[in-house]
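Data first, discussion second: the structure below is written as structure tokens.
Note that the structure is a prediction, hence the values are computed from the model and not measured. Lettering of chains follows the sequences in order, A, B, ..., and the numbering in each one begins at 1.
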Protein chains: 2
Amino acid sequence: MPPTARPRSRIQQRNRELILDAALEVFSLHGFRGATLDQIAEVAGLSKPNLLYYFPSKEAVHKVLLTGLLDSWLDPLREMDPEGDPLAEILAYVRRKLEMSRDFPRESRLFAGEILQGAPRMREAIEGDLRDLVAGKSRILSRWMEEGRIARVDPVHLIFSIWALTQHYADFEVQVRAVLGPEHDPFAEAGSFLETLFTRLLAP
Amino acid sequence: MPPTARPRSRIQQRNRELILDAALEVFSLHGFRGATLDQIAEVAGLSKPNLLYYFPSKEAVHKVLLTGLLDSWLDPLREMDPEGDPLAEILAYVRRKLEMSRDFPRESRLFAGEILQGAPRMREAIEGDLRDLVAGKSRILSRWMEEGRIARVDPVHLIFSIWALTQHYADFEVQVRAVLGPEHDPFAEAGSFLETLFTRLLAP
DNA sequence: GTCTATACTCTGATAGAC
DNA sequence: GTCTATCAGAGTATAGAC
């Protein structure tokens, strides 16, 4: 039993989820300071004092959101299998990451906004978990390169490039859609573009 | 004589520039709503009412900043020469864009924050100038591909990929530095990584 | 042109009835 | 558990002296 899991009634659970979902919506759209408790409460369908019955402060809501986020954000990278086929593993990672941009754009934007502002509420996590995971996975990539199974390239910047290219379609979605026009499906096109890009970059 | 250029004394010019520079600093770090006139005035070394003597409102300061931004932001793309060597032109564009990330990270983050929040103050510009410029340049890229001078790939997504990869180093700089550690020079490494990437992607 | 003082609004958070 | 009422502080903007 995790230490933070206090027993909660069904309605408590439900309201907490309503609040967190509303907060994700509002925070991702306006940033931490730009978001107001009034907005979050309205989206959640609760009164402001009632919201503050479930969370002690605006900061607390934001923190819960961010804490859960980084973990699920790194899952696709964790799944990259050292025993699998190198190029297939990398392309699968790209695909999973692009699917997250498509299916969870609010989460992506919340994360992006936090980093953009200097990660005031995520610094330790980034310098800890994130850094360690990248270090571990880049060793795997380096080994694949030494074995000649994929082409040589800086492994850490390779990971950066996957992040940059996939998250761009969530974080800059309005720009992407404005440039492409309404007829296009950005994520479908991105899928085949990125497959081509990483295949050409890494083919041995 | 441009219609908006009213005559200004030297000290007026100077103070306007002080304010705009301070506003760029604060807006890029905290977003529009997160920034306060107090902060901007303090960074500019002026009093708040004095700031409001030069600009009628917070909104007005932000608008002036954004208006000037998009133009200079697109300049590197405008410079891509249809008559030049295709790969060299594209790599030069990548280099210029990366230099902008290195030398003007505040501008990059201001722009990113605006798009991230749905571009409420830039929509028309993005759907106009930006869209038109990309359309024009992607025709050039398509021609180069048809002539077999670079490899085939979706030209618009190629431009997106250049934006994503170069701006990542400004917008996510804290993350990049946290992962790389203090010993690294992110922009130098990115320069050679991106040259490799686009060369392998586009070599005929 | 620049400052002090202040009006007025918005926002995060609390008190206390039900 | 949820609501109405309200407080305290921050924030944008203005008035008016100098």
Query raised in the report: Taking DNA chain D as the partner, which of residues 35-47 of chain A come within under 4.0 angstrom of it by heavy atom?
Result: A:S47
Query raised in the report: Nucleotide range of DNA chain C contacted by chain A, 5' to 3', under 4.0 Å to a heavy atom?
Result: C:dT11 to C:dT14
Report task. Could you check whether B:Y54 gets within reach of a base, just the sugar-phosphate, or nothing at all, counting any heavy atom under 4.0 Å? Result -> sugar-phosphate
**Report entry** Heavy-atom side-chain proximity of A:R200 to A:T196 below 4.5 angstrom
**Finding:** yes
Report summary line: Nearest-nucleotide check on DNA chain C, B:N15 vs B:R33; residue mapping nearer the 5' end is B:N15
Query raised in the report: Roughly how many Å is it from NZ in A:K58 to C1' in D:dA10, rounded to a whole number?
Result: 12 Å
Query raised in the report: Between atom NZ in A:K48 and atom C1' in D:dA5, what is the gap in whole Å?
Result: 12 Å
Query raised in the report: Between B:H30 and A:Q117, is any side-chain donor less than 3.5 angstrom from a side-chain acceptor?
Result: no
**Report entry** Sidechain N-carboxylate O distance under 4.0 Å for A:D171, A:R109
**Finding:** no
Report task. Decide if atom CZ of B:R139 counts as having more than 12 heavy atoms of other residues, nucleotides or ligands within a radius under 6.0 Å. Result -> no
Query raised in the report: In whole Å, what is the span from the CG atom of B:L51 to the P atom of D:dT12?
Result: 10 Å
**Report entry** Flag if over 12 foreign heavy atoms under 6.0 Å of CD, A:E189
**Finding:** yes
Query - Within the 6.0 Å centroid threshold, strictly below: B:Y169 and A:H157 - result: yes
Query raised in the report: Taking everything shown except B:R78 itself, do over 12 heavy atoms lie less than 6.0 Å from its CZ?
Result: yes
Query raised in the report: Would you call the rings of A:F27 and A:F32 parallel, tilted or perpendicular if under 30° counts as parallel and over 60° as perpendicular?
Result: parallel
